[in-house]
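Here the structure comes first, spelled out in C-alpha cells, and everything after it is commentary.
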Amino acid sequence: MWILNFLTSSLGKKLIMSLTGLFLIIFLLVHLIGNLQLLFGDNGEAFNVYAKFMTTNPLIKTTSYGLYFFILLHIVQGIVIWLTNKSAKQSRYAVAPKNTSWASSNMATLGIIITVFLAIHLWQFWFKMKIGAIPPVNIGGEEYTNLYAVVHEAYQNIFFVIFYVVSMVVIGLHLSHGFQSAFQSLGLNHKKYTPLIKGMGIAYSILIPLGFAIIPVWMYMMH
Amino acid sequence: MKLTLKVWRQKSKDHKGSFENHQVEADDHMSFLEMMDVLNERLISNKAEPVAFSHDCREGICGTCNMVINGKPHGPSKGTTVCQLHMREFKDGDVIVIEPWRAAAFPVIKDLVVDRSSFDRIIQAGGYISVNTGQAQDANAIPIEKDTAAQAMDAATCIGCGACVAACPNASAMLFTSAKVNHLALLPQGQVESSRRVRAMVKQMDEEGFGACSNTGACEVECPKEISITNIAAMNRMYMGAVIGAQDQV
Ligand code: HEM
Ligand code: SF4
Ligand code: FES
C-alpha cells in the first residue's frame with residue numbers, strides 16, 4: 001500500500017518524527033503553564049483543582065491518549081532511525097569530523113536519557129495518581145486528589161531536585177536541534193522564515209526547560 | 001616540507017584495512033594528489049604496492065578524487081575537491097591522516113577507492129529528462145525567471161562526489177539526491193516528470209542503504225560545491241506532495 005511505503009520510507013519516518021516532535025513541543029508548553037501553578041504558594045489549591053480538571057475533562061482525556069501514543073511512536077521511531085543510521089554508517093573515521101553540533105548527532109542518546117526520565121517521572125506522579133494511591137484533600141467542600149502533596153514531598157529530596165534539573169538540560173539540548181529540525185523535515189525552509197524558526201527554537205529550548213527546572217528548585221528552597 | 005602520512009590500506013572489500021605510515025617530501029605548489037603521486041612513485045620504485053586512489057579531471061569537476069583528510073572529506077579548504085587542494089594548506093612536520101569515504105553504501109574497493117555505483121543507480125532511477133524525439137528547441141524559447149535559473153544552476157553544480165555521504169554521521173545521501181531532483185524539477189523541461197522522478201529516486205536511495213537525514217548539516221559544510229540543505233527541504237516538500245497526490249505507483 002502506498003501509504004505504508006510512504007511512512008516506512010526514510011522521508012516518511014522523518015515526517016512522523018517531526019510531527020510527533022512538534023506535538024510534544026506544544027504539550028510541553030501547556031504542561032509548563034499548568035505546572036507553574038505549583039508556585040502560587042496557596043498550598044497547592046489551584047494546582048489540585050487544575051489536576052482534577054486535566055484528568056476528568058473528556059476532551060483532555062482523549063487528547064492524553066493521543067499524547068501517550070505519540071510519545072511511544074516518537075520513541076520507537078527514533079530508535080528505529082538511530083539503528084538503521086548506525087548500520088548505514090558502519091565504521092567511523094580515525095579522526096573525528098567536527099562538522100555538526102553535538103546535539104544534532106546525539107539526538108538518540110539524548111532521547112534515551114529523556115525516556116529514562118519519563119519513566120521515573122510518570123512512575124512518581126502520574127502512575128500513583130492513576131492507581132489511586134494518593135490521599136484526598138478537601139478544597140471548598142469538594143474532594144480533590146492531593147497531587148500537590150506528592151510533588152511537594154518529592155522536591156524536598158535534593159537528589160530529585162538535581163535529577164529534574166539535569167533532565168531539563170537534556171531536554172533543552174534535544175530541542176536545541178529538534179525544534180528547527182522538525183521544520184526542515186517538513187520541508188519548511190525559507191529565506192525569510194527559517195532565521196525566525198531558528199531563533200524561536202533557541203528561545204524555546206532555553207526558556208521551557210528553565211521554567212520546568214525552576215519549579216523543583218523553588219519548592220526545595222521554600223519548603 | 002616533510003610530512004608524515006597515515007594512509008588507509010585495504011586489499012579489497014573483504015579484507016580488513018589498517019593505517020600505514022609514510023614520510024613524504026612535498027612543496028607548497030603541489031596539489032594534494034601530486035603529493036600522493038610522489039609517494040606512489042617512490043613506492044613503485046621500491047617495488048611496493050602503490051596507494052590506490054581515484055582521480056580523473058584534476059580540475060574539480062568530475063568528483064572522483066575522494067579522500068577524508070584529517071577527518072574532513074576533501075580536506076581542510078572550504079569548497080574545494082582534493083585535486084584542487086594545495087599543499088600550502090599544510091606545514092612542515094604535519095601528520096596527515098588519509099581515509100576513504102566511510103558508508104555502507106560505498107564499500108571500499110581498495111585503499112582509498114570506494115564503489116559509488118549506488119549513486120549511479122539513484123540517477124538511473126530518475127535523474128534525467130526524457131527527450132523522445134526531435135531536436136532541442138532554442139533555449140530562449142522558454143522564459144525562465146533569473147532566480148529560478150540560478151537555483152537550478154546551483155543545484156546542478158553537484159559533481160556526485162559523495163562527500164556529503166562521507167561527512168554525514170548517518171551516511172545519508174539526501175544532499176546529493178535533492179540536488180539532482182531540484183536541478184531538474186526547477187526547470188520547465190524537468191518539471192514534467194518531477195513527481196515520478198522524486199519518488200523513484202528516493203526509493204532507490206533507501207534501497208541502496210543510505211541513512212535517514214537528521215538535519216545535522218554536516219553535508220553542506222563539506223560539499224566541495226557548497227550545495228545548500230535548502231535543497232533537502234525542497235525535496236522533502238516535493239516528495240510528500242508527490243506521494244500524496246500521485247495517481248500512479250512508483
Ligand atoms: C520531551 C519530549 C520530546 C520532544 C519535545 C521531542 C522533540 C523532537 C523533535 C522536534 C525532533 C526533531 C524531528 C525532526 O528532525 O524532524 C526530535 C528528534 C528526535 N527525537 Fe525527540 N523529542 C522528545 C523526546 C524524545 C524521546 C523520549 C526520544 C527517545 C528515543 C526521542 C528521540 C528522538 C530522536 C532519535 C530524534 C532524531 C531523529 C533523527 O533526526 O534522526 N525524543 N525530537
Ligand atoms: S552534493 Fe556536494 S558533496 Fe554531495 S555529491 Fe554533490 S557535490 Fe559531492
Ligand atoms: S579529480 Fe576530478 S574532481 Fe578531483
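Being a predicted model, the structure only gives us computed values, none of them experimental. Letters go in sequence order (proteins before strands), and every chain restarts at 1.
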Quiz item: Run the side-chain hydrogen bond (donor to acceptor under 3.5 Å, both in side chains) check on B/N215 and A/S185 step by step: do they pass?
Solution: CA-CA 8 Å; B/N215 304 320; A/S185 297; 3.1 Å; yes

Leading residue by heavy atom contact count with chain A [cutoff under 4.5 Å; candidates [options]]:
| options | result |
| --- | --- |
| B/G209, B/G217, B/S214 | B/S214 |
| B/V221, B/I229, B/V165 | B/I229 |
| B/K6, B/M174, B/M240, B/M235 | B/M240 |

For [Y], does its backbone N or O pair with a side-chain atom of [X] as donor and acceptor, under 3.5 Å?
| X | Y | result |
| --- | --- | --- |
| A/N85 | B/A171 | no |
| A/Y93 | B/E99 | no |
| B/R102 | A/S91 | no |

Quiz item: Where on B/A166 is there a heavy atom nearer than 4.5 Å to chain A: the side chain, the backbone, both, or neither?
Solution: both

Quiz item: Is it the side chain or the backbone of B/C168 that comes within 4.5 Å of chain A heavy atoms, both, or neither?
Solution: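 Looking at B/C168, just its backbone touches chain A.
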
Are [X] and [Y] close enough that some pair of their side-chain heavy atoms sits under 4.5 Å apart?
| X | Y | result |
| --- | --- | --- |
| B/K72 | A/P97 | no |
| A/K89 | B/N170 | no |
| A/L11 | B/V202 | yes |

Side chain, backbone, both or neither: which part of [X] has a non-hydrogen atom closer than 4.5 Å to chain B?
| X | value |
| --- | --- |
| A/K14 | side chain |
| A/S87 | backbone |
| A/I3 | neither |

Exercise. Could you tell me the separation between the CG atom of A/L15 and the OH atom of B/Y239, rounded to the nearest 0.5 Å?
Key: 10.0 Å

Quiz prompt | Full working for side chain to side chain contact (heavy atoms under 4.5 Å, CB included) between B/M205 and A/S10 | solution = CA-CA 9 Å; B/M205 177 182 85; A/S10 61; 3.8 Å; yes

Quiz item: Is it the case that A/S9 and B/D206 place a side-chain donor and acceptor less than 3.5 Å from each other?
Solution: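 Their side chains do not contain a donor-acceptor pair, so the 3.5 Å distance test is not met.
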
Practice problem: Return the minimal non-hydrogen interatomic distance between B/A233 and A/N189, and the atom names on each side. | Solution: CB-CB, 3.3 Å

